[in-house]
Amino acid sequence: QAQPGESGGRSVQAGGSLTLSCTYPIPGGIRDNGCLAWFRQATGLEREGVARIRIGDGATFYADSVKGRFTISMDNAKNTFYLRMDSLKPEDTAMYYCAAAKVYCPVLTSTDGYASWGQGTQVTVSS
């Protein structure tokens, strides 16, 4: 079984694509109203929410900065979820973290309500 945490980050050129993966720990499970989410943190900046997906119905929400370019998805059978990133821009450069909220879906404007468990995966987009 894969270790919990993020993977898939690397250096790419602007306009390129990447898919990040996150394997999440299962103790206690995540309820249908809970969410899986991706956050990112650029050097010198606060961690910001990027996307979230609700377990029960797959409803998604994206930050305005990535809407139309990023896609979050999940594979519950593998305890894994993904972030497909297209049309990458230099401003997408950051450490990306996955997180989960077990009982409900907090807004992405802060990390409150979310627990993360990985070390992050670095995405670097060059112009």
Side-chain angles (χ1 to χ4, degrees):
Q1 187 173 356
Q3 291 296 313
E6 309 88 349
S7 64
R10 61 180 177 88
S11 296
V12 295
Q13 289 193 328
S17 298
L18 276 179
T19 298
L20 306 182
S21 301
C22 176
T23 299
Y24 57 91
I26 59 172
I30 301 175
R31 297 184 184 180
D32 284 352
N33 285 334
C35 265
L36 302 168
W38 286 95
F39 289 80
R40 67 185 182 185
Q41 188 166 16
T43 302
L45 299 179
E46 293 188 352
R47 194 168 296 192
E48 63 171 348
V50 174
R52 73 174 192 218
I53 184 167
R54 189 159 55 205
I55 296 293
D57 60 6
T60 57
F61 180 87
Y62 298 92
D64 287 343
S65 58
V66 306
K67 198 173 296 182
R69 300 188 298 120
F70 289 12
T71 304
I72 188 171
S73 62
M74 61 184 177
D75 184 343
N76 287 341
K78 298 180 180 179
N79 294 327
T80 301
F81 64 113
Y82 308 93
L83 185 69
R84 169 72 179 185
M85 305 185 293
D86 295 313
S87 302
L88 283 162
K89 304 175 181 180
E91 50 264 44
D92 294 319
T93 295
M95 188 74 79
Y96 284 72
Y97 300 89
C98 55
K102 287 191 171 184
V103 179
Y104 71 108
C105 287
V107 295
L108 283 177
T109 51
S110 83
T111 58
D112 290 348
Y114 288 97
S116 58
W117 51 87
Q119 300 300 312
T121 188
Q122 177 68 38
V123 174
T124 303
V125 184
S126 57
S127 58

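As the structure is a prediction and not an experimental result, all values here were calculated from the model.
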If we only count heavy atoms from C-beta on, is the Q122 to T93 side-chain gap below 4.5 Å?
-> yes
Residues at least two apart in sequence or cross-chain that pass side-chain contact (heavy atoms from CB on, under 4.5 Å) with S73, listed by chain then number, are Y82
Gap separating the OG atom of S127 from the CG atom of L88, nearest 0.5 angstrom | 13.0 Å
List for me each residue that meets side-chain hydrogen bond (donor to acceptor under 3.5 Å, both in side chains) alongside Y96, sequence neighbours excluded, and say none if there are none.
-> R40
Side-chain (S110) to main-chain (D112) donor-acceptor, under 3.5 angstrom | yes
Results of side-chain contact (heavy atoms from CB on, under 4.5 Å) for M74 - residues two or more places apart only = L36, I53, I55, N76, F81
Stepwise side-chain contact (heavy atoms from CB on, under 4.5 Å) check, T71 with L83 | CA-CA 6 Å; T71 304; L83 185 69; over 6 Å; no
Not counting sequence neighbours, which residues clear salt bridge (charged side-chain N to carboxylate O under 4.0 Å, His left out) with D64? List them please.
-> K67
Sort and list the pairs that fulfil disulfide bond (SG atoms under 2.5 Å apart) and have at least one residue in residues 53-127, not counting sequence neighbours.
-> C22-C98, C35-C105
Extract all donor-acceptor atom pairs below 3.5 Å that involve side chains of residues 11-18 and protein atoms in other chains or at least two apart in sequence.
residue	atom	partner	partner atom	Å
S17	OG	D86	OD1	2.7

Salt bridge (charged side-chain N to carboxylate O under 4.0 Å, His left out) filter on R69, not counting sequence neighbours, yields D92
Applying side-chain contact (heavy atoms from CB on, under 4.5 Å), name anything that partners E91, two or more places apart in sequence or on another chain.
-> K89
So F70 and V50, side-chain contact (heavy atoms from CB on, under 4.5 Å) or not? Walk me through it.
-> CA-CA 9 Å; F70 289 12; V50 174; 3.6 Å; yes
Inter- and intrachain pairs under disulfide bond (SG atoms under 2.5 Å apart), touching residues 37-78, at least two apart = none
Between T19 and M85, does a side-chain contact (heavy atoms from CB on, under 4.5 Å) hold up when you go through it step by step?
-> CA-CA 6 Å; T19 298; M85 305 185 293; over 6 Å; no
Could you tell me which non-hydrogen atom of A37 sits nearest to which non-hydrogen atom of I72, and how far apart they are?
-> CA-CD1, 4.4 Å
For residues W38 and L20, determine if any side-chain heavy atom of one lies less than 4.5 Å from a side-chain heavy atom of the other.
-> yes
To which residues is Y114 joined in a hydrophobic cluster, defined by side-chain heavy-atom contacts under 4.5 Å among Ile, Leu, Val, Met, Phe, Trp and Tyr, whether direct or through other members?
-> F39, F61, L108
What is the distance from atom OG1 of T111 to atom CD of E48, rounded to the nearest 0.5 Å?
-> 12.0 Å
Distance under 6.0 Å and angle within 45° of the ring axis: does R47 meet both against Y97?
-> yes
Which residues satisfy the salt bridge (charged side-chain N to carboxylate O under 4.0 Å, His left out) test with D57, sequence neighbours excluded?
-> R54
For R52, salt bridge (charged side-chain N to carboxylate O under 4.0 Å, His left out) partners two or more places apart = none
